[in-house]
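Following: one structure in structure tokens, then a few remarks.
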Protein chains: 2
Amino acid sequence: MTMIDETQVKETSATHGAYITLRDMILTGVLPAGQKLKIEQLRGLLNTGASPVREALSLLTSDMLVERIDQRGFRAAPASKANFAEILALRCTLEDLALRQSIANATPDWEEQLVLTHHHMKKASGQGTKLFEEAHKTFHMALLANSESPMLERFCAQLYDLNIRYRYLAAKSATYQKRDVSAEHEEILDAAIQRDQDRASASLLSHYRLTGDYLSRALDI
Amino acid sequence: MTMIDETQVKETSATHGAYITLRDMILTGVLPAGQKLKIEQLRGLLNTGASPVREALSLLTSDMLVERIDQRGFRAAPASKANFAEILALRCTLEDLALRQSIANATPDWEEQLVLTHHHMKKASGQGTKLFEEAHKTFHMALLANSESPMLERFCAQLYDLNIRYRYLAAKSATYQKRDVSAEHEEILDAAIQRDQDRASASLLSHYRLTGDYLSRALDI
DNA sequence: ATGTCAATAAATATCGATATTTTGGGAGGA
DNA sequence: TCCTCCCAAAATATCGATATTTATTGACAT
């Protein structure tokens, strides 16, 4: 009865579908930062009812991608240089912690996941950006996945996504020339596998700060 | 048309009301950790429609107080010693950071807020627990409020609330004899006003860890 | 001109009913 | 006795309509 009109291949609940789609639209900037998100409009866009849309938007507030103003609807979270700087700083602190804990708890299983996700990321590097982005996130989250602190990992994942949004913002205003980061990734992977906390953390943070500096310059908000 | 049946004095949206009430019920353990939260049941409890209830529950997911299982409803977030330990550890890291930043950015305004909220907390100490809890949170958040990092403060506030829940859990299983913490509070306040980051942070963390050890023993989950 | 206020338009929030999915339990067969 | 399959009951998810609230416009008085 529902026609397949999007890349949505799998059947899922309307709320979840709306959540995924809206999330993606905000991350990629299709729904610009700060924009009012009217229920009617989104309801039409996703051809679903108002309830799933409202619920998806409520869930997106968890991710700090949507702001809710009581009795006055929703809007995409605003973006600013200050916010970007804050995200970068927090990421550096939290990922440093998570990575060190992950290494401290290192297991063969975890190491294997690192190698695998890194491999997938390398393979995806040629393909469409979307696929690479996905693999890149998976690799970075795998680095932290052994911290035995689910909440810390959740915070890191949240911040990761918020950062992504700024990548898309920067891509718009400037010619987004993708730096060659594969060497940096190798370095992080190697240090992690050697269980060298200091070296792994240092290279991870440097990886983020380099990208951060670049993005910060490219942003014109 | 709506009759005043709760402590709810102010008129507000049904969703917001449900959010506040449910949040409180989870924090205080009226809705026990892990419990299934059925829409019908809550709808009756709050005498409101299903939509506000669902939306409030979705919002509570942000706070990690409710878990959502797609197509299978909601439940109060489970509690465990491991989770408690994680919260304590994260709080120590994040509040340490936030407090140091707050002190680094110290202003007369901020100092005055500290003194004021501390005063309020002392005055509330005799009164009903609820009021003191409120003032206690306000004081602790005031300590961090000058960090110039809204997200960091948000994380700290979240963790603070999650911790509260364990206080109520401990209060149930053991005779919850309130430690005399006023000296510790004075010490934190004084160090903050002296702009001594190391001493402030050390006393704050010690404050948390002492309570943490105590709670950890009292918990029987 | 300008600011205020009321009337209208638009959007949000909420309700009640229905469709869909999951859960629980029991009959029938191995 | 235990497993599997199917049906009934319960609960979730969703829709469509309506009530409330907020935003907008334009007339009127200053």
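Because only heavy atoms are used, hydrogens play no part in the values below, and waters and symmetry mates are left out as well, while side chains stay in.
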(message) Just the rounded figure in Å: distance from C1' of C/dT21 to CD1 of B/I69.
(response) 14 Å

(request) Compute whether any side-chain donor of one residue and acceptor of the other, for A/S62 and B/S62, lie under 3.5 angstrom apart. (result) yes

(message) Can you tell me which nucleotide in C/dT14, C/dA11, C/dT22 comes closest to the side chain of B/S51?
(response) C/dT14

(message) If you compare every side-chain N and O of A/R72 against the phosphate oxygens of D/dA23 (OP1, OP2), does one of them come in below 4.0 Å?
(response) yes

(request) Give the rounded distance in Å between these two atoms: CZ of B/R54 and P of D/dC15. (result) 12 Å

(request) Measure from the side chain of B/T15, starting at C-beta and using heavy atoms only, and say which of C/dT12, C/dT14, C/dT23 lies closest. (result) C/dT14

(message) Distance check needed: D/dA10 C1' versus B/I39 CD1, whole Å only.
(response) 13 Å

(message) Using whole Å, what does the distance between atom P of nucleotide C/dT12 and atom CG of A/L37 come to?
(response) 9 Å

(message) Please list, in numerical order, the residues of residues 59-67 of chain B that have a heavy atom closer than 4.0 Å to any atom of DNA chain C.
(response) none

(request) To the nearest Å, give me how far apart CD (A/E40) and P (C/dT12) are. (result) 8 Å

(request) Specify the separation, in whole Å, of atom CG of B/D70 and atom P of C/dT21. (result) 12 Å

(request) Among the candidates D/dT22, C/dT22, C/dT14, find the nucleotide nearest to the side-chain atoms of B/S13. (result) C/dT14

(message) Measuring from the side chain of A/K36 (C-beta onward, heavy atoms only), which nucleotide among C/dA11, D/dA13, D/dA11 has the closest atom?
(response) C/dA11

(request) Could you please name the option among D/dT14, C/dA13, D/dT12 that lies closest to any side-chain atom of A/F74? (result) C/dA13

